[in-house]
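To start, the structure itself, in structure tokens.
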Amino acid sequence: MPTTDGTDTGRLRRYWDKHAPAYDRQMQFFDRHLFGDSRAWVCSQATGDVLEVAIGTGRNLAFFPEGVQLTGIDLSPAMLDIARRRVRQLGRTVDLSEGDAHALAFPDASFDTVVCTFSLCAIPDERQAIAEMRRVLRPGGRLLLADHIVSSSWPARAGQGLLDLVTIPLGGEHFRRRPLEHVHALGFEIQRQERFKLGIVERLAARKPAASSA
């Protein structure tokens, strides 16, 4: 799941290692009742050399097209252990390793597609993470995101504010972020964008300008 840097790294790694065994069971509920087909929506658009940031237990693996060259990073060794089992079950070839979304261990312009689903909500500095995703994308490459975000309904926003009081100190999870704002600010061209469930879920496809430098 999420990645971080600095003094919080060990704490968040322990948090997600501890929650790894129950993670799939918890996410099944949200995938069914809140996120819908967002994983398939995102992953079906991936092409070429693909990086998934915060791959977690590998819940997206079955949705990637055959033929993509997939790399996945995550902060949590326990999450990655589950992802490796899923890779074997699916018979896929995936390069999995520990990594930090704030400082991706890849050269500039390494990937055709970067994917991140339901994890920017819990990466401490989501803007830095998106900037790193942009850096490792090739010119013309695609950024594919899905996440829960600040609601477009004020009663829901109030409830999200209360949730933040608990979830941010506990596991660093934010309910009132809007990654789209950072994607715009970093110069991506938005190609597709959808928002639903009282505006709580947003998914988008964006392209790094073809003439852009890293």
Side-chain angles (χ1 to χ4, degrees), residues 1-20 23 38 42 50-57 60 71-80 96-111 113-137 141-151 157 160-161 163-190 193 195 200-209 212-214:
M1 267 304 290
T3 55
T4 185
D5 58 5
T7 58
D8 283 342
T9 301
R11 181 179 67 83
L12 286 183
R13 180 181 289 113
R14 289 190 296 273
Y15 176 87
W16 290 108
D17 280 350
K18 178 181 178 181
H19 287 81
Y23 181 77
S38 293
V42 165
V50 180
L51 171 66
E52 182 171 357
V53 175
I55 195 169
T57 61
N60 290 335
T71 300
I73 63 115
D74 201 275
L75 182 68
S76 165
M79 290 280 198
L80 287 169
L96 295 173
S97 61
E98 290 185 45
D100 188 335
H102 294 117
L104 296 172
F106 305 102
D108 296 353
S110 293
F111 297 97
T113 308
V114 176
V115 169
C116 187
T117 62
F118 309 110
S119 295
L120 282 169
C121 53
I123 292 172
D125 187 343
E126 79 277 26
R127 188 189 187 284
Q128 174 62 22
I130 296 170
E132 277 290 279
M133 296 176 200
R134 184 185 188 280
R135 180 184 65 78
V136 301
L137 272 172
R142 302 189 82 191
L143 178 67
L144 302 170
L145 303 178
D147 225 313
H148 62 78
I149 63 166
V150 61
S151 176
R157 287 197 301 275
Q160 288 175 317
L163 284 172
D164 275 352
L165 295 175
V166 176
T167 60
I168 294 175
L170 181 64
E173 184 165 5
H174 297 72
F175 281 86
R176 295 192 295 177
R177 286 180 168 177
R178 189 83 191 277
L180 177 63
E181 296 172 356
H182 302 304
V183 174
H184 269 303
L186 288 165
F188 283 93
E189 301 168 358
I190 307 302
Q193 182 260 343
R195 191 175 180 184
I200 291 172
V201 181
E202 186 166 60
R203 55 200 192 186
L204 63 93
R207 188 175 296 278
K208 180 177 177 177
S212 174
S213 62

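FYI, side chains are in, hydrogens and waters are out, and symmetry mates aren't considered; it's all heavy atoms of this structure. None of the values given here were measured: they were computed from a predicted structure.
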* Asked: Is there a side-chain contact between Ile168 and His174 (heavy atoms, below 4.5 Å)?
  -> yes
* If you measure from CG on Asp147 to SG on Cys116, what distance do you get to the nearest 0.5 Å? -> 7.0 Å
* Asked: By side-chain hydrogen bond (donor to acceptor under 3.5 Å, both in side chains), which residues pair with Thr113, not counting sequence neighbours?
  -> none
* Look only at the side chain of Arg134 and the backbone of Gly187, and say whether a donor-acceptor pair between them is shorter than 3.5 Å. => no
* Asked: Are the side chains of Met133 and Leu120 in touch, meaning some heavy atoms are under 4.5 Å apart?
  -> yes
* Asked: Does the Arg157 side chain pair with the main chain of Ser151, one donor and one acceptor, at a distance under 3.5 Å?
  -> yes
* To do: With sequence neighbours excluded, tell me which residues meet side-chain contact (heavy atoms from CB on, under 4.5 Å) with His148.
  => Phe35, Cys121, Glu173, Phe175, Ile200
* To do: Can you see which heavy atom on Leu75 is nearest to which on Pro77, and at what distance?
  => O-CD, 3.3 Å
* **Donor-acceptor under 3.5 Å (His182 side chain, Leu180 main chain)** => no
* Would you check if Lys208 and Phe188 make a side-chain contact, meaning some heavy-atom pair closer than 4.5 Å? => yes
* **Note, Arg178 side chain near His184 side chain (heavy atom, < 4.5 Å)** => no
* Asked: Which pairs count as salt bridge (Lys or Arg N to Asp or Glu O under 4.0 Å) when at least one residue sits in residues 180-189, sequence neighbours excluded?
  -> none
* Structure fact -> Scanning both residues in full, the closest heavy-atom pair of Ala101 with Val53 reads CB-CG1, 3.7 Å
* **Separation of Leu104 CG from Thr71 OG1 (nearest 0.5 Å)** => 11.0 Å
* Structure fact -> Output for pair (Thr57 OG1, Trp16 CH2), nearest 0.5 Å, gives 10.5 Å
* Any chance you could lay out the side-chain contact (heavy atoms from CB on, under 4.5 Å) test for Arg127 and Leu186, step after step, and finish with the verdict? => CA-CA 9 Å; Arg127 188 189 187 284; Leu186 288 165; 3.6 Å; yes
* **Check: Asp100 side chain, His102 main-chain N or O, donor-acceptor pair, under 3.5 Å** => yes
* **Ile55/Asn60 under side-chain contact (heavy atoms from CB on, under 4.5 Å): CA gap, chis, key distance, verdict** => CA-CA 8 Å; Ile55 195 169; Asn60 290 335; over 6 Å; no
* **Point-to-point distance, once rounded to the nearest 0.5 Å, from OG of Ser97 to CD1 of Ile73** => 7.0 Å
* CD1 on Ile130 to CG on Asp125, rounded to 0.5 Å -> 9.5 Å
* To do: Locate the shortest heavy-atom distance separating Gly171 from Leu12; write the atom from each residue and the value.
  => O-CD2, 3.7 Å
* Structure fact -> For Ser76 and Arg13 the tightest heavy-atom approach is CA-CG, 4.5 Å
* Side-chain contact test, heavy atoms from C-beta onward, threshold under 4.5 Å: evaluate it for Ser110 versus Leu51 and give yes or no. => no
* **salt bridge (charged side-chain N to carboxylate O under 4.0 Å, His left out) involving Arg177 - partner list, sequence neighbours excluded** => Glu126
* To do: With sequence neighbours excluded, tell me which residues meet side-chain contact (heavy atoms from CB on, under 4.5 Å) with Arg176.
  => Val150, Gln160, Asp164
* Does the side chain of Asp74 reach to within under 4.5 Å of the side chain of Glu52, using non-hydrogen atoms? -> no
* To do: List for me each residue that meets salt bridge (charged side-chain N to carboxylate O under 4.0 Å, His left out) alongside Arg203, sequence neighbours excluded, and say none if there are none.
  => Asp37, Glu194
* Structure fact -> Residues Ala206 and Leu204: closest non-hydrogen pair is CB-CD1, 4.1 Å
* Asked: Val42 and Leu144: which non-hydrogen atoms are nearest, and at how many Å?
  -> O-CD1, 3.2 Å
* **Interatomic distance, Ser119 atom OG to Leu145 atom CG [nearest 0.5 angstrom]** => 10.5 Å
* Asked: Is it the case that more than 12 heavy atoms not belonging to Arg207 sit under 6.0 Å from its CZ atom?
  -> yes
